[in-house]
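See below for the structure under consideration.
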Amino acid sequence: MPLSRRTLLTTLPASALLAVAAPLRARAAARPTTTGTADPGANPGSDPGANHAALLANTVAIFAGTTESNARPETAAKLAALTSTARARLAALDGAGPGELFKGLPLGTSDANLNTSYQYLYEIALATRAPGPAPSDLRDNVDVRRRVIDALARLHDTYYGDQSKGYYGNWFNWEIGISASVSKTLVLLEEELAAYRPGLTATYLASMDAYLRNGKDGDVDLDSRFHTGANLADITTNRILQGAVTGDDARVVKAVADQLTVYATVDPYNPRHGVTDGFYADGSFIQHDSVAYTGSYGKVLLTRAVQTVKILDGTDYINTADLVAVVRGWVADGFAPLVFEGWMMEIVKGRGVSRTATGYTDVAVVVEAVVDLSGHTTGPDATALKGYVKFVRQTSKAALDPVVFVSPVSVARYADILADTSVPAADLGDAASHTAFNAMDRTVHRRPGYAFALARSSNRISKYEYMSGENLMPWFQGDGAHHLYLTGQDQTLAFGVDYYTTVSPYRLPGVTAPVETRRTIPELYGTAWYDNPERGFTSSSESQNTYVYFPRGTNTLSGGARLGTYGAVGLVLGDDAAYAAKQAGELPDDFVAYRNAAATKSWFMFDDEIVVLAAGVGDPAGRAVTTTLDSRIAAASDTVTVTGRLRDGSDWPGADGGGGTAPGPVDWLRYADTGQGVSVGYVFLDGGGDRGGVPRPTVTLDTVTRSRRVVRTSNPDTPVTKRVFSLSVDQPAGARRLSTAHALVPNATERQLAAYERYGRYGRGPLTVVANTARVQAVEHRGLSILAVNTFTPGTHHAGRLTVDGAASVLVRTSRDGTVSLAVSDPTTERGTVSLTLRGRWLRAVATDDGVGVRRVLGGTRIDVDTHQAHGHSLTARLR
């Protein structure tokens, strides 16, 4: 059944949850704020006391485990880790010097150290509550619990309670981080606090409310830019626990209602409370208003959402089945496409790409959430989730250690799933798929053997994220940079922090960049941000976000169409918001902004190839420009070879692994790393290069040693040595604009690449570049009978049998029986209608999406597509 546009932008379970929020707020308003007794008049049948008892028991079970779960042999390592951590924290408590609660964490000016101190106290308290079969001198130890309570009192009296001295540094620590550790500790030590220091809990609640300075009257403010997405889920979870431990049902009910707003699918044309953070209909996740962030903040929200399901289990606040349905959709549509053989793709991790623990570690969080979700579902849904857990375990090159799970209960459930022979390992998506995350300017194309991940940007989505000294050289990460993941490879040897450490930030694969040297934020300003309060630049101001931390692009065109498992994507490079504002005289004189190069680019994604076209490549300022077709890393000891064939029939002169610029036009090149057993082919197509010829690429193969600290100030000063391969097309300063056309062929053999060469010379090859200009780019794949077209400017554009009016992305496929399938997307998200004409015999509509009109015109068939408020979504039709 065709989907309506409104259905595309909302989901029923999310809408059902949102509908519960208003009654919950009314219920909160009707509750006294300090009672745990039943109030039938507010909500007949509801027993706040029983609800609170369930909330507390559920929370302790999540973090400390249960007698049943902790008796399992599979949880022994997790319990040992909890105990070991607590002993280390107690030793640090014993060794503290002046001005410290824990050794090595001086207090008074460091909010990070204060936050860590509270976390350490929670970790000690946790060990006193974890049941288990092995004897432990920490379990139920009243003396240790009272040491934690005394330390809580000391921190409050000396470093936290004075509101005029607190709230320095990062707002997150004061509004979320500290409150999270304190709230869980209050739950764990509830009975001991009541007996030993009965007033301390209330004292802390008053202070935590006071530190919600981006909130409203000590509570959540749904209109605050700080109280959105994962941050809102964190804050409201803290407040649920606070209400439960104090018997304040109004606090609990209000927090649940506020958190429910996070689960509603974001409608970009009617954002609730002006918030664009959250999950979109196409599976995209955005945080900070414009950052593609599934792999960092998205993980946090996923974890918190599943914990909410577990915390609310057995209470009457909401029907958790609706919540489970929403989160299950996040996993299938938002996370699974971004996980390749147990590795979280870099394109959705923001500044997290510069951290040393990333990739496989990221996915452990997702696996734990799926494990727990499976326990709250039945039938095919449960089987699918459990099968996905097994699939990740089976395909990952890193053995997942469940010790990293938050909950011992999750550890036991994970063991049960792996041991269940009735559940087959299975991905949540097909092995061949194409996912257009147009709402966050990301694309993922998957086939058996590889996954291709593309990062874009626009005036809607940030070019990159830098913050807190993380991701120091991010400038081109959203300018069409790609990652090509190959099956069977240990991705820590191909990507991750070492990739960004050793690959030049100006030579990320797929990027066109001016030849210049840029400086990092700490190098420019001496601090982790641009500090100029008089002009509105503080560490967490909107100006800092807009121009320093995550600037958007100035271009409007970024997006593409999806037809089944195939895709087309277009991008017009633009400067970032800071450069545009600086040119307009809107930024201070000492603020440094950089200008980008220019290019119009397309990616056409098929089965064996990803075809990349670029036109109008150059620099308006006359600088030299480098367009990097690919960059890959290998171990210093690996044998890396580059082979190929020139158009004159001679072999690539660097076949022994050397580099250099091609002495003439090139047919194909092949990169191979025998150490990792991987290869990538590069086929150079007619229709690219100067005057439509084939470009002469440059190959470099260097041994690079750099410290991991070059990408993140807090990384250890660990040197990394890699062999770095780069394939580029270079333009000298002042050169005129050029175009390029090539195909990436994952896992290619020389024989396979030679076939492109042989067929291509006689015009019988599978790939033909139909057009490659700054107005229109198109490729025909004869083997698949697909014509893929991107248009970039107003006016009428012609490509093969297709005529397109204005900017659009179009895929047309003809089947053997003559049926024509097509998909159309508006890559600007601003057009009301996209119209195209298929020349030839008239075709009638067999099936169309809502908003697609088909009519007969002279010489062919006219298709008018209503793209108003489709937000880049592809609309399809089948014609015959």
Beyond-backbone contact of Tyr466 with Thr520, side-chain heavy atoms, under 4.5 angstrom
no
Expected output: side-chain Arg442 to main-chain Arg456 donor-acceptor under 3.5 Å:
yes
Under the salt bridge (charged side-chain N to carboxylate O under 4.0 Å, His left out) rule, what pairs show up with a residue in residues 521-539, not counting sequence neighbours?
none
The single option from Thr294, Asn471, Asp362 passing side-chain hydrogen bond (donor to acceptor under 3.5 Å, both in side chains) against Lys349:
Asp362
Would a distance-only check, ignoring hydrogens and angles, find a side-chain to backbone donor-acceptor pair under 3.5 Å from Arg460 to Thr828?
yes
Would you check if the side chain of Thr527 reaches a backbone N or O of Trp529 as a donor-acceptor pair within less than 3.5 Å?
yes
Do Thr791 side-chain atoms and Gly806 backbone N/O form a donor-acceptor pair below 3.5 Å?
yes
Mind checking what makes ring pair (Phe, Tyr, Trp, His ring centres under 6.0 Å) contact with Tyr530, not counting sequence neighbours?
Tyr525, Phe537, Phe591
Ser809 meets the side-chain hydrogen bond (donor to acceptor under 3.5 Å, both in side chains) criterion, sequence neighbours left out, with Asn790
Partners of Ala615 by side chain to side chain contact (heavy atoms under 4.5 Å, CB included), sequence neighbours excluded?
Ser739, Asn772, Gln777
In chain order, what residues pass the ring pair (Phe, Tyr, Trp, His ring centres under 6.0 Å) check against His434, with sequence neighbours excluded?
His445
Between Phe172 and Phe226, is there a side-chain heavy-atom distance shorter than 4.5 Å?
no
How would you list, by chain and number, every residue that makes a ring pair (Phe, Tyr, Trp, His ring centres under 6.0 Å) with Tyr297, sequence neighbours excluded?
His288, Tyr293
Could you note down all residue pairs passing salt bridge (charged side-chain N to carboxylate O under 4.0 Å, His left out) where residues 544-561 supplies at least one of them, sequence neighbours left out?
Asp289-Arg552
Going by salt bridge (charged side-chain N to carboxylate O under 4.0 Å, His left out), name the pairs with one or both residues in residues 567-593, residues two or more places apart or in two chains.
none
Heavy-atom donor-acceptor pair, Arg632 side chain to Phe725 backbone, under 3.5 Å
no
Output all residues satisfying side chain to side chain contact (heavy atoms under 4.5 Å, CB included) with Arg518, sequence neighbours left out; order by chain, then residue number.
Trp475, Phe476, Tyr506, Pro514, Glu516, Tyr594, Asn596
Can you list every pair that meets salt bridge (charged side-chain N to carboxylate O under 4.0 Å, His left out) and has a residue in residues 536-549, with sequence neighbours left out?
Arg225-Glu542
Taking Ser707 for the side chain and Val710 for the main chain, is one N or O donor matched with an acceptor at less than 3.5 Å?
no
Side chain Lys601, main chain Val617, donor-acceptor under 3.5 Å:
no
Look only at the side chain of Ser728 and the backbone of Thr626, and say whether a donor-acceptor pair between them is shorter than 3.5 Å.
no
Asp826: partners by salt bridge (Lys or Arg N to Asp or Glu O under 4.0 Å), with sequence neighbours left out:
none
What residues form a ring pair (Phe, Tyr, Trp, His ring centres under 6.0 Å) with Phe495, not counting sequence neighbours?
His483, Tyr485, Tyr499
